[in-house]
Structures are given as structure tokens and as C-alpha cells.
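Scroll down for the structure; my scribbles are underneath it.
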Amino acid sequence: MKQLIQSFKTGELGLFNVPAPVCEKNGALVQTTVSLVSAGTEKMLVDFAKKSMLAKAKDRPDLVKQVIDKMKKEGVRNTLEKVFTKLDTPIPLGYSLSGRVVQVGDELSGINIGDRVACGGAGYANHAEINYVPKNLMVKIPDGVDDIDASFVTVGAIALQGVRQTAPLLGEKIAVMGLGLLGQLTVQLLKANGCKVIGSDIDPDKMALAKKLGCDEVCHAGELISKANEFTCGYGVDAVIIAASTSSNQPITDAAEISRMRGRVVLVGMVGMDVPRNTYYKKELEIKLSMAYGPGRYDPEYEEKGIDYPYDLVRFTEQRNFEAFLGLIAEGKITPKELITHFYNFDDAMSAYDLLEGRIQEKYLGIVLNYKKNINLEDEKIVQRTEKKISSEKVNVGLIGAGNFTKSVILPNIQKVGEYELVGLCTATGVSAQGTGKKYDFKYITTDSDEIFKNSEINSVFVTTRHNDHSKKVLKAIESKKHCFVEKPLCIYEEELEAIKEAYTGETLVQVGFNRRYSPMIEKMKKSINGQISVNYRVNAGIIPKNVWIQDKTIGGGRIIGEVCHFIDTCSYLIESDVVSVFASTVNKADQSIPDEDNVNIILNYTNGSTATISYMAFGDSSMPKEYIEVFGSGVSMQMNDFRELTIFKKGKISKEKSANQDKGFVNEFKAFKEAVKSGNEAISFESIYNTTKTTFKILESIRSKSLVEV
């Protein structure tokens with residue numbers, strides 16, 4: 001199938017062949033019939049992507065500061081590699097469409113195959129022949145509304161939410177600044193609500209259209225102050241909705257000038273926000289920002305998981321705004337077709353963007369893409385990229401998952417090692433598959449993981465998906481008799497661990513991404529150890545908010561399972577023994593912005609009599625280096641600071657080593673996996689992987705029981 005994609009790094013824009021997305025349990029696959037090009041939002045994205053690196057940096061000084069801070073911690077080379085990888089991420093364009101349902105998720109009710117639906121949401125309602133859409137981002141299209149009108153659903157919901165924030169009353173006089181798509185729809189919504197409306201713009205055609213569609217008065221933006229004074233007989237407007245898009249502060253300044261005492265100003269468009277305090281203060285004006293489509297936007301619980309807000313407490317969510325907007329179209333109170341200036345077939349979508357970028361010299365407002373191709377889902381699972389021959393002498397990889405860590409760390413370091421052949425790539429979306437597949441020259445790309453496991457050319461599967469998916473993929477790799485490298489953690493439930501243990505025969509290998517044991521500094525520490533030791537491992541982990549997926553127990557498993565396993569493995573590697581018991585306690589804070597277990601002290605006791613203490617703290621200052629290890633024993637003491645400094649005290653002598661860049665062992669980790677596949681010998685014993693993973697579950701048990709727990 002085809003999808004419109006832009007490179008964030010170069011600005012290159014095109015229609016690309018990608019595999020159809022996977023249908024998750026809480027949504028449906030929708031074959032697009034019509035999608036709307038948002039002239040404002042999409043032009044802004046396209047223009048930003050085409051800017052030089054320096055111009056991008058000037059536009060986002062906040063991100064530049066993050067890069068500089070990262071350089072101080074990890075080194076210049078490591079940071080730049082990650083930054084350039086991030087910039088290589090392709091952008092799916094589009095966020096408003098109508099179409100027909102072709103597949104329904106297992107837990108979706110009320111939507112059936114063949115239903116006509118209107119869909120919204122950046123990253124979901126894309127300019128693509130097939131999209132996966134979660135249930136709260138789609139609504140059925142009423143019988144009296146055609147697909148073309150319904151394709152305006154997202155822009156309509158944005159306009160509707162702006163009106164809701166304004167809380168207009170019957171007969172109030174309201175100014176709409178900016179008469180683009182949002183402004184035109186806002187005018188119609190206000191008129192449907194019984195308001196008197198004055199609209200302003202700099203384009204006479206847009207002013208004329210607004211007047212035609214019912215706006216009571218229109219004027220040039222430069223005349224708004226005087227015209228609004230006449231319109232309100234000198235009282236000032238009751239409210240202003242700013243639907244313009246400009247970096248200038250003029251709209252917010254003019255809004256104050258034309259408002260009455262205690263009026264309201266609502267910002268829907270992106271404008272300068274240097275608020276003239278004196279004017280706003282003297283008139284006691286209320287300022288509100290309208291958040292896109294409405295309540296639920298940016299909430300993964302609502303948008304991704306489909307958990308709705310209570311109807312009686314949140315009357316109009318983004319989905320209910322979709323429904324209300326379509327209802328107004330059905331009643332004839334909103335007429336989106338009147339706003340369309342250009343129709344294009346999807347195969348000719350590039351012409352629409354030529355128009356946006358000024359290569360076609362025509363005025364535009366509403367731009368609609370029509371889709372005519374009939375898609376067979378079964379034919380869209382795989383896109384063959386090359387016909388390269390695959391040698392059985394190499395580590396032939398099928399990669400499942402291509403998130404930021406995979407693209408910035410795993411794939412670049414695999415390339416550095418060599419003797420890896422990248423055969424199949426499976427991701428949840430075709431956009432990710434297309435960009436990563438092209439950059440790393442995968443033979444084929446897919447969104448169906450079965451196409452990885454059943455491929456006879458692949459001898460090794462890499463699993464880098466979200467944590468809740470790891471155990472299923474590891475078990476499938478074992479069943480398919482393929483070696484498996486899985487990013488940490490191995491699994492997120494103890495019963496999953498036992499199932500993997502039962503299935504593991506050693507015929508093929510399972511290796512978890514415990515890279516720190518392969519760091520050159522850790523290996524030097526290991527060589528200096530003889531006999532029992534004590535390890536102190538301090539981790540300045542930093543805060544991960546509760547709404548991030550790793551904190552979701554059912555997806556990420558939490559940070560002890562998802563990250564502390566790293567540090568347990570490093571301690572076990574240095575000690576060269578298994579954990580036999582654990583005691584853990586947390587810092588119980590009144591501030592519940594992060595889970596208590598994100599600040600935890602852990603004592604590990606080992607079979608050989610050694611001990612390790614892990615202090616994992618999230619609530620410290622992020623400018624402190626993240627990881628610090630001390631080792632004592634057998635006449636030697638060592639300190640390792642964030643994989644950049646190592647000091648060894650031995651026999652009265654002090655040796656020091658410093659590195660300009662962190663080396664957390666990724667290259668050596670993939671060298672070890674390569675050699676393990678070739679030799680058939682485990683790089684990390686399964687018993688050690690099992691013990692480390694089991695220990696994470698016992699840490700949680702110890703926290704709950706406030707007691708020492710045997711592993």
C-alpha cells in the first residue's frame with residue numbers, strides 16, 4: 001500500500017510503498033476513501049522539515065539544551081550519533097480522514113467491517129491507503145453525511161473545542177481572527193450557536209467566503225480595531241477566538257484592544273504570546289488555550305488504550321466532539337464542501353504539496369485527497385525491498401521492533417561489528433518500517449511478525465518491542481528454532497519467566513541485552529577481582545513520569561523489572577555468582593508524581609558469600625552522572641564513574657583511566673552474540689539470565705512484604 005511520508009532530516013517528501021499496519025485489539029483497520037490536507041498544520045510541518053539543521057536548532061532552543069546536557073554526560077560522538085538517528089525518523093503526514101472498516105480488533109465493539117467511519121489523530125489518520133485507528137479516534141459517519149464532508153472531522157473538532165472554550169452565549173458578539181479552515185468552521189459554529197460574528201483576515205477571498213457562509217461582518221486584519229468598535233457600538237466584543245497562524249504578537253495585542261471589560265480570549269491557532277499585561281490587567285480579560293480536538297488529546301490511556309472518560313463528568317471528549325461536528329453537518333448547519341478549493345487523486349498527492357509550498361501559484365484553502373484503489377489486506381503484509389542473496393555463514397537477522405533505542409543504538413552497533421546480514425524488519429507501522437528498512441538495507445519489511453519467524457533465511461531474531469511483548473516473541477523464536485537476542489527485560493511476569501525456562505532447550509540461544517557487562521571498564525574491573533567482593537552500585541536514574549509506557553505495569557512492567565535488571569546483571573557478572581536472597585526498601589514520598597519503587601535501596605546476597613547494594617534513585621538532580629560503581633575485596637578497591645572514568649587502588653598504587661565518550665559495551669555485546677551464534681556456546685548463561693530476571697520479581701516481593709526474600 002502507499003503512504004505519504006516526509007523525512008524530518010532532509011525534508012524529502014514522497015509516496016512510498018509500505019506494509020499495511022497491524023490491527024490492535026482496541027481499534028480497527030480503515031481503508032481511506034478521502035483525507036483532508038490541513039493547509040496550516042501540514043504546511044508548518046513540511047516547512048520545518050525542509051529547514052537547515054541550524055535553522056531547526058534556532059527554532060527549538062529547548063532541544064539544543066538537551067543535546068548539550070547529553071554531550072556532557074555521554075560524550076560528543078555518542079550524542080551526535082543519537083541525534084542524527086532521531087532526525088532520520090520519517091514523519092507520517094495527515095490527521096483527518098474518512099473511510100471504511102476492513103478489520104476489527106478483538107476488543108472493539110460497536111464498529112463492524114464495512115462501516116463508514118471518520119477518523120482523526122496525528123500518527124493514526126494519516127494520508128495512507130490503510131490506517132490503524134484506535135476506537136476513541138473514530139466515529140461512525142451518519143447516513144446523511146458523505147465521505148468528503150466527513151473527512152473534515154479533525155479540523156472541525158479543533159474548531160468546535162475552541163468554541164467550547166469560549167463558552168459563547170446566545171446573542172453575544174464574537175470576533176474570529178484568521179479565516180483559514182479553522183476560522184471558517186469557527187464562524188459557522190458560532191452562527192449555529194446564535195452569536196453575532198465579525199471575522200478578520202488579510203485575504204479578501206477568505207473574507208468574501210466567510211461573508212457568504214454567514215459571518216455578520218468581515219474586515220481586513222489591519223482594520224479590525226475600528227470595525228469591531230463599530231460592530232459593538234463601542235462596548236467591545238464579548239470574546240475573541242484567535243484562529244490565525246503567525247509568530248507575531250499582533251493578534252493577541254489586538255484581541256485585548258477589541259475586547260470588552262471581562263471579555264474572553266481563546267487561542268486556537270499558533271501565534272506569538274507576548275501578552276500586553278497592562279491592557280489585559282485593566283480589562284480583567286480571561287485567556288484560554290484550546291487543546292486541539294478536546295479532552296483525551298495526548299492522553300495515552302484514552303487514545304491508545306481506548307479508556308473513555310465518564311460521560312457525566314466529561315460531556316465532550318475528542319471523540320464526542322467528532323460526533324457533534326458530524327451531527328452539525330447532517331443538520332446542514334456546517335458546510336465543509338464550501339471550503340474546498342482543490343481535489344487530487346491520492347496517486348497525485350505530491351501536487352497538493354506543490355501547492356502548499358508555492359510551486360503551483362494558486363490560492364488554496366481546503367485540499368482533499370481521493371482514494372480509489374481497492375486494497376486486499378493479505379497482499380499488503382510484506383514489501384520486498386531488494387533481491388540480495390543471503391549467506392548462511394552470517395548472523396542473518398530478523399528484527400522485530402524499531403523504536404528510538406533500536407535505531408540509535410542497536411542497529412548502528414550491529415553495523416560496526418560486521419558479519420550481520422539484515423534480512424527482515426517487522427514494525428507496528430509501515431512508516432517506521434520504510435525509513436529504517438531503507439537506511440539499513442533490509443531485504444524486506446513487514447508489520448506481521450510471523451513473516452519473520454517463518455522465514456528460512458533468518459537464523460537469529462532480535463526482539464526490541466515494548467516489554468509486554470518480549471516473552472511471546474522469545475517463546476516463538478525458541479519454537480521456530482531461531483537464536484534470539486531480546487532487549488531487557490526478558491519478560492514482565494514471573495509465570496512468563498517459568499514458561500521460557502521450560503521451553504528453553506539450549507538448541508538455540510537466548511541472550512538478553514545486558515550490555516554493561518561488556519563495557520571495557522567493567523571488564524577491567526572483573527580482571528582485578530579475586531574471591532569474595534562487595535559491590536556498591538549507585539544509579540541516579542532520573543524521573544520518568546507515570547504516564548510513560550514503561551511505568552505501566554501491564555506494558556513496561558515498571559522500572560525495577562525494566563531497568564534495574566541491568567544493574568543486577570552487572571553485579572552478578574563482577575561477583576561471578578547467583579543471587580540467593582534480596583532485601584529492598586523504598587523511599588516513601590508524599591509526592592506521588594512517580595512510583596515509590598523508583599527510589600529504592602536493594603541488598604543482594606550471593607551464593608559465594610559476596611554482597612551487592614544497588615541504590616536506584618529517580619528523584620535526584622539530573623546533572624549528576626547516572627551510574628557509579630564501587631568494588632571492594634581481595635586487597636583491591638575500585639571506582640567507576642558513568643563508564644567514563646575508572647580508578648583502581650591496588651597494592652598501594654593508583655591507576656586511572658578516562659574516556660572522552662561513554663562505552664557501555666554495546667559493540668562488544670553484539671560481538672559476543674555473533675560469536676555465540678557461530679559457536680553455539682552461550683555468551684551469557686541462561687541460568688544467569690533466569691536468576692537476574694527472577695531477582696527483579698523478588699525485589700518487588702520484598703518491597704511489598706518488607707522482609708528478606710529468597711530467590
Side-chain angles (χ1 to χ4, degrees), residues 467-468 470-471 474-475 486 488-506 510-514 516-517 522 526 529 531-539 541 553-554 556-588 595-618 629-634 682 684-711:
H467 301 168
N468 60 318
H470 287 188
S471 66
V474 170
L475 288 168
V486 56
K488 56 81 190 166
L490 176 63
C491 54
I492 64 171
Y493 295 113
E494 198 163 357
E495 55 266 31
E496 292 176 337
L497 176 63
E498 297 304 326
I500 292 170
K501 180 183 180 183
E502 185 176 345
Y504 184 73
T505 63
V510 172
Q511 181 171 325
V512 179
F514 296 144
R516 284 160 174 76
R517 65 163 56 206
I522 295 294
K526 172 85 169 174
I529 293 169
Q532 294 172 324
I533 62 170
S534 177
V535 179
N536 292 331
Y537 203 139
R538 187 269 298 148
V539 185
K553 299 294 186 185
T554 63
R559 297 184 77 178
I560 288 176
I561 290 172
E563 189 176 7
V564 171
C565 55
H566 258 321
F567 316 123
I568 298 169
D569 175 76
T570 306
C571 292
S572 298
Y573 173 69
L574 289 169
I575 291 169
E576 207 168 341
S577 182
D578 287 337
V579 180
V580 291
S581 64
V582 58
F583 179 80
S585 58
T586 63
V587 179
N588 299 314
D596 285 341
E597 66 189 48
D598 285 13
N599 299 292
V600 60
N601 286 298
I602 303 162
I603 299 173
L604 305 175
N605 299 304
Y606 284 83
T607 304
N608 67 359
S610 297
T611 62
T613 301
I614 299 173
S615 295
Y616 183 87
M617 300 294 155
I629 303 176
E630 292 180 325
V631 175
F632 304 92
S634 306
E682 296 172 320
I684 306 175
S685 73
F686 182 79
E687 288 75 15
S688 177
I689 292 170
Y690 175 85
N691 180 258
T692 293
T693 308
K694 187 91 167 179
T695 300
T696 61
F697 300 128
K698 298 305 179 183
I699 290 170
L700 293 174
E701 184 179 331
S702 177
I703 291 170
R704 288 191 294 267
S705 66
K706 300 184 186 304
S707 63
L708 183 75
V709 174
E710 292 186 358
V711 177

Practice task
State whether K553 and E597 are salt-bridged, where the test is any N-O pair (Lys NZ or Arg NE/NH1/NH2 against Asp/Glu carboxylate O) under 4.0 Å.
Solution key: yes
Problem - Salt bridge flag under 4.0 Å for residues D569 and R516 - result: no
Practice task
Could you verify whether a donor N or O on one side chain and an acceptor N or O on the other, from D578 and T607, lie under 3.5 Å apart?
Solution key: no
Practice task
Could you tell me whether the side chain of H467 and the main chain of G562 form a donor-acceptor pair under 3.5 Å?
Solution key: no
Practice task
Output the distance between atom OG (S572) and atom CZ (R517), rounded to the nearest 0.5 Å.
Solution key: 8.0 Å
Handout entry: Check: Y606/E576 side-chain N/O donor and acceptor closer than 3.5 Å
Key = no
Practice task
Decide yes or no for I629 and N536: does some side-chain heavy atom of the first lie under 4.5 Å from some side-chain heavy atom of the second?
Solution key: no
Problem - Distance (rounded to the nearest 0.5 Å) between S577 OG and N605 CG - result: 10.5 Å
Problem - Residue of the set N691, T693, T692 for which side-chain contact (heavy atoms from CB on, under 4.5 Å) holds with I689 - result: T693
Practice task
Decide yes or no for S581 and V711: does some side-chain heavy atom of the first lie under 4.5 Å from some side-chain heavy atom of the second?
Solution key: no
Exercise for the section: Sequence neighbours left out, what passes ring pair (Phe, Tyr, Trp, His ring centres under 6.0 Å) with H566? Give chain and number order. Expected result: none
Exercise for the section: Would you check if there is a donor-acceptor pair between the side chains of E498 and Y690 at a distance under 3.5 Å? Expected result: yes
Problem - salt bridge (charged side-chain N to carboxylate O under 4.0 Å, His left out) contacts in which one or both residues fall within residues 699-711, not counting sequence neighbours - result: K698-E701
Problem - Contacts of type side chain to side chain contact (heavy atoms under 4.5 Å, CB included), residue N468, not counting sequence neighbours - result: R466, I492, I555
Practice task
Applying side-chain hydrogen bond (donor to acceptor under 3.5 Å, both in side chains), run through N601 and S615 and close with a yes or a no.
Solution key: CA-CA 5 Å; N601 286 298; S615 295; 2.8 Å; yes
Exercise for the section: Examine the side chains of Y616 and R559 and answer whether a donor and an acceptor come within less than 3.5 Å of each other. Expected result: yes
Problem - Side chain T613, main chain I603, donor-acceptor under 3.5 Å - result: no
Problem - Y573 six-ring centre to K526 NZ/CZ under 6.0 Å and within 45° of normal - result: yes
